[in-house]
Every structure is written in C-alpha cells, then in structure tokens.
Amino acid sequence: MIDEPSKALDGSGDSVTAVSTGVRGRQGSIEERRRVVAESLQVGNPGNRAVNLPDQADPRHDCQIELKVEDIRVYEHNPRRNNNAKFEEIKESIRSTGIRNPLTVTRRPGDKHFIVEAGGNTRLLALQQLWTETRDHRFAIVKAIFRPWKSEVHVLTAHLIENEQRGEMTFWDKANGVAVLKAKLEEEKGRALSLRQLEEELKAIGFSVNTATLAHYLYATTRLRTLGEAVPLLSGLDVKTIQPRLNLMKRYAQMRGGTGEALLYGSIFEPVFRHHADHYREHQSFNALELCQACEDALAKHLGERGAQLHMVLDALAQSPQASLEALLATVASARSEARPPGTQATDHVPDNASDVSSANSATQIADRRKAPRASVDRRKSPRAGVQSLKPAHPPDPAMVDRLKASVGRIAQLASIDSYLQFWDSAPFGYYMELPPTPLSGDGQQHYEQRVWWLLALVSGQFHESVRVLLPDTSHWRQLCSTELGSDKGLQRLIEKHFPAVATRDADFFDWLLDGQDEVVTMFWEIATLVRSLRSVTPHPIATSEQSYTSEGNG
C-alpha cells in the first residue's frame, strides 16, 4: 500500500505531465485576469447626465429642513412694493433672538435656489443683511418649512393673502398683484376671464374679492398707471371718484366725434396724470376731484368747448345716461336760461370754468333775493297736525339742483351707499335715502357708511312729514313712516327698529367731520354750501315742527 504512490510518482510519466499541465493552466488564467483588470482601469468615467438637476431631490411632502441663508431668495413677484417701515426693528429682533417663526419656502422645478413661499420676505432680507455684516454663523443657516412646488398662481396668491392679512399693502400694490394673478390664471386656463369668472377663480383658491373691487383694480392698472407708480397715496376712494367721471368724459367725447379711448387717455388725460404726479412729488399731496376737473378742462380744450359748458353737460349725462347729444345740450341750455335773472337777455358769454358758473349763479341769487319778497309762511295745516310748511317764492335754480344731485351721487358712491340713494324730483333737493335691507352697524366700514347715510338723509329733509308726503308711494321709507307712526313722536322708535345705527354726535364724529384729508367730508361740506344757497334764495317745503326727530346725542 505504501509503495503504490511512490511507483506512480517515480515511474508514471502520464501522472507528472497531468500535474504540470494543471499548474500552467492556473498560471495562464491569473495572467489573463490581470490583463483584463488592467484594460478595465483604462475605461473613462460615464458622462454626467444630471447637470441640470438640483443637488438633491426635493421632498414630496411638507417638512422642516435646514438651508444656507444664501440659498434662499425673496419672491420676485411679491405684490408688496413698498419697504416695511419696521424693517430695522425686525432686523434687531432677529439679531438678538433669531427667527422665532420659521420661513416657509418652496422651489421651482429645475432651480437650485429656494424662494419664500408665503410671507417672510422682510425677515429673509434682514437675516441676509446680518450674515453679510457679521459673518456670524448664527445667521448662516436657517431652519425652514419646505412645501413642494405647486404653481406660480399658488405662490402669488399665498403672498397676496399673507400681505392682506397683515394690512401691509397699498391699494396700488393690491391692484398690481391682482392684475398679475389674473394674467397667470388666464395663462393656465388658456382663455380670457371675465370679472365674474375671475371672482370665482380667486374664491376657489382662497382669495375672495368682489367684482366691483376687481373692476377698480383692473381699471387702475390699465388706465391710471402713471398715477399709481408716482402717488403712493392713491386709494380705492380715489379710483371710485376718478373712474365714473372719466367714463362720462369718454362717452361724451365719443358722442361728439367718435374720439377713441386710446386717443382720449394717451393724448388728453395722460398729460394731466403726469402733471399731477409731478405735483405729488413736489408737494406730497393729491386730490382726485382736482384731477377730474383738470381732465374736464383738457377735454374741453380738445373739443373747443367752454369748461363750464362741458361740466354741466357731464352732470346732465350722469343723470340721464341714455340721453342723446341733442337732448343733453337742450337740457343745459334750458338750465342756463332759467338761471338768468328776470328781465335779462341772453349773451354770448359763457363762463370759462365751474367757478365762473358758481359766481354767475351767486350774482343771480343775490339779484333775485333783493327783488323777491320774503317767502310767506303758509299757516294752512299740512296733512300732519302741528306742521307748518314754507311756500316757495319761486322755483329753485335747476342748474344748482343738478349740481347738488351730482355731488350727492358722487359722495354716495364714494361711501358705497349709492344703492340706497333715490333721485326724486318732487323732493326738495331732488333725492332721498332709502333704508338699507338691514340696519348698518357702528363697526368697521359700516360705521363709515352709516355716518354718510345719516348726513345725506338729514340734508334731504326726509325726516319731516311735509317732505315724506312728497315721496313716491313705492318708497319703503314712506310706507314705514305712514303705517307705524301715530305722530312724529314715534319716529325714534321706528329708527331703533328699522333704520341704520344712529350716528352719535361725539368727539370722534366731529373730528371726522372736520377732517380736511377725507374726500367724503370735503364733498359733504360742498353739498351743505349748495343747500344753504338754495334754501336762502328759494325756500323749500321743509317742516318747522318741534316734533321732528332731534334727539340729544343723535343726528
């Protein structure tokens, strides 16, 4: 058994050959492997196909992340253009305590930088300034809430809502934001949006604005850009004043000779806008009524008419929107003829502006006052016992009444109570105020509305029985007064039940009534001056009963 292997090793050539061949095979295999490995090391790296992708994939859900402050940018379409007045205060707060509320960020597909998603632009700018100034690592990294990208419309809407809630936007900023948002919505939808459709789209994404306000925003950004960019004080009330008057001028210009809207604004109104913008830069003051008057003067010059003539025609057009050009001119001619003192003849002179008309009317009134006998008190009882009325010596001046009605219409529109205003020629001053569907409260915007409602209602004389009986049978005001009042003593109870909240005559009320910067107040004093002139020259059937409503503390 022991000799067998020795024999095989010593004498068997076949066995030795097999062993040698196996060793050489293994050696050849190793060399081949080395060669293959060496060749593989000479293969270059694969091409980079991800150069346009962000460094990291964005999360698919809301989450908190840490970012370099330099990797975040403010939202470039942020609707708020004016600088935050509290910027330095916010900056010092961040310096001492850091950012308490984390920023909310997002990232457009394909971008490397992040943007502020909803508010926080001021905080980001303050943080970036602190990092640049101090190089303190406390300001280098910021914790933020990341939200996946949705759309440009979503981000712009989020900024509009955030700024609106903070009350940090001017009218012009909001108007521009809405205009941009409308354009982006139309781009997404692939079609133009009407005001009603725009209102519905905005409501669906959480930003509610009524069609009337939308109309003012879009008008301002389309036609008043020269003013909006230069006059930060431009307000919604200014636009409510400007738009209707300029629309009247546009209609009249088209009636006169087909002047197009583009030419009207570009060649006639735009120079006026630039002049008032320059005036604001120099004096920091702006008056919408003065702007309207300047536009009237420019249009009158373009049409070759007298300014006073155009003013009266526009007032007539406001009262009769469907009237023809011939009817308007006839109305104005009749009003001017009736306004002349008795015994005078027509002249070719036409006053150059509204102030000349006022002076001419005043001269006419003084002459009439000197010639006319004092109005006699008619002692005959009116339908209400204890009420005396004044018999007019002669009819009121139609031109002045028209001016009064136009001013009342404008102030009601400015205060958003024009839906309660009713024009009625039988009323002493051509109008009365109907009741709102529900009593106005004394809070917020309604507090402002109820003050103006009461002022206009008191001026109209409608609290007097001698005036109420002149109103139409369909008037809700007259119906309530007729059915629920046993006498004027019951008027206070009726007010508490149906009328707008009573305007209290307190210090706040008189401070407001003497505010020279409030256009509604300014216009009210103009109305009061007109009414005084009318009543001094042509007494009206306003009752003088002690039973009229005059409760202490109310007005």
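Each residue takes its place number in the sequence, starting with 1. Heavy atoms only: backbone and side chains are in, while hydrogens, waters and symmetry mates are out.
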Does the pair R108/E76 count as a salt bridge with the N-to-O cut at 4.0 Å?
yes
Aromatic plane relationship, F509 with W512 - under 30° parallel, 30 to 60° tilted, over 60° perpendicular
tilted
Below 4.5 Å, heavy atoms only, C-beta onward: do C63 and I65 meet side chain to side chain?
yes
Any donor-acceptor pair under 3.5 Å linking the side chain of S460 with the backbone of A457?
yes
Indicate yes or no for a side-chain donor-acceptor contact from Y431 to the backbone of L456 under 3.5 Å, with no hydrogens or angles considered.
yes
Test side chain to side chain contact (heavy atoms under 4.5 Å, CB included) applied to A158 - qualifying residues, sequence neighbours left out:
A118
Can you find a pair of side-chain heavy atoms, one from E117 and one from V105, that are under 4.5 Å apart?
no
I'd like to check Q422 versus P472 (side-chain heavy atoms, cut-off strictly below 4.5 Å). Are they in contact?
no
Tell me whether T241 contacts the main-chain N or O of L237 through its side chain, where contact means a donor paired with an acceptor under 3.5 Å.
yes
If only side-chain N and O atoms count, and only distance matters, is there a donor-acceptor pair under 3.5 Å linking E296 with H311?
yes
Closest heavy-atom pair and its distance - L414, V520
CB-CG2, 3.7 Å
Can you give me the closest heavy-atom contact between W525 and L513, atom names plus distance?
NE1-O, 2.8 Å
Working to the nearest 0.5 Å, report the span between NE2 of H154 and CD of E188.
11.5 Å
Identify each donor-acceptor pair in which a side-chain atom of residues 206-214 lies under 3.5 Å from a protein atom, sequence neighbours left out, and give them as a table.
unit_1, atom_1, unit_2, atom_2, d
N210, OD1, A212, N, 3.2
N210, OD1, T213, N, 2.7
N210, OD1, T213, OG1, 2.9

Minimal heavy-atom distance between L299 and A253, with the atoms involved, is CD1-CB, 4.2 Å
Measure the shortest side-chain to side-chain distance between F114 and R73 over non-hydrogen atoms and say whether it is less than 4.5 angstrom.
no
State which residues pass side chain to side chain contact (heavy atoms under 4.5 Å, CB included) with L124; sequence neighbours excluded, sorted by chain then number.
V69, I72, V74, L103, V116, Q128
Looking only at heavy atoms, which two atoms of N121 and Y75 are closest? And how far apart?
OD1-N, 2.9 Å
Closest non-hydrogen contact found for P436 with W453 is CD-NE1, 3.9 Å
Ionic contact status for R403 with D315, cut-off 4.0 Å
no
Sorted by chain and residue number, the ring-ring contact (aromatic ring centres under 6.0 Å, His included) partners of H283 (sequence neighbours excluded) come out as H279
Test item: Q243 and R223 side chains (from C-beta on) under 4.5 Å apart, heavy atoms:
no
Would E199 and R196 pass as an ion pair if we require N to O under 4.0 Å?
yes
Sidechain-backbone polar pair: R107 side chain, K112 backbone, donor-acceptor under 3.5 Å
yes
When you measure from the side chain of W477 to the backbone of Y432, do you find a donor-acceptor pair of N or O atoms at a distance under 3.5 Å?
no
What's the separation between atom OH in Y252 and atom CG in L317, rounded to the nearest 0.5 Å?
9.5 Å
Working to the nearest 0.5 angstrom, can you tell me the gap between I90 CD1 and I99 CD1?
10.5 Å
Residue pair I417 / M433, side-chain heavy-atom distance below 4.5 Å:
yes
Is R245 reaching over with its side chain to a backbone N or O of C292, donor-acceptor style, under 3.5 angstrom?
no
Would you say D238's side chain and S235's backbone share a donor-acceptor pair under 3.5 angstrom?
yes
What's the verdict on side chain to side chain donor-acceptor pair (under 3.5 Å) for S416 and E449, showing C-alpha distance, side-chain angles and the deciding distance?
CA-CA 7 Å; S416 301; E449 293 171 4; 4.8 Å; no
According to ring pair (Phe, Tyr, Trp, His ring centres under 6.0 Å), does anything in residues 209-249 pair up with another residue at least two apart or in another chain? List the pairs.
F171-Y217
Pairwise side-chain contact, K301 with D297, heavy-atom cut-off 4.5 Å (strictly under):
no
Please determine whether the number of non-hydrogen atoms from other residues, nucleotides or ligands lying under 6.0 Å from atom CG of D425 exceeds 12.
no
Given 3.5 Å as the limit, does a donor-acceptor pair link the side chain of R410 with the main chain of M523, or not?
no
Can you name the nearest heavy-atom pair linking L514 to V521, along with the distance?
N-CG1, 4.5 Å
Is K250 close to Q254 at the side-chain level, that is, under 4.5 Å between some pair of heavy atoms?
yes
Counting only heavy atoms not in R100 (residues, nucleotides, ligands), do more than 12 fall under 6.0 Å from its CZ?
no
Atom pairs and distances, side-chain donor-acceptor, residues 176-185, under 3.5 Å, sequence neighbours left out:
unit_1, atom_1, unit_2, atom_2, d
N176, OD1, R225, NH1, 3.4
N176, OD1, R225, NH2, 3.2
N176, ND2, W172, O, 3.1
K182, NZ, E186, OE2, 2.6

Please confirm whether the backbone N or O of N287 pairs with a side-chain atom of E290, one donor and one acceptor, at under 3.5 Å?
no
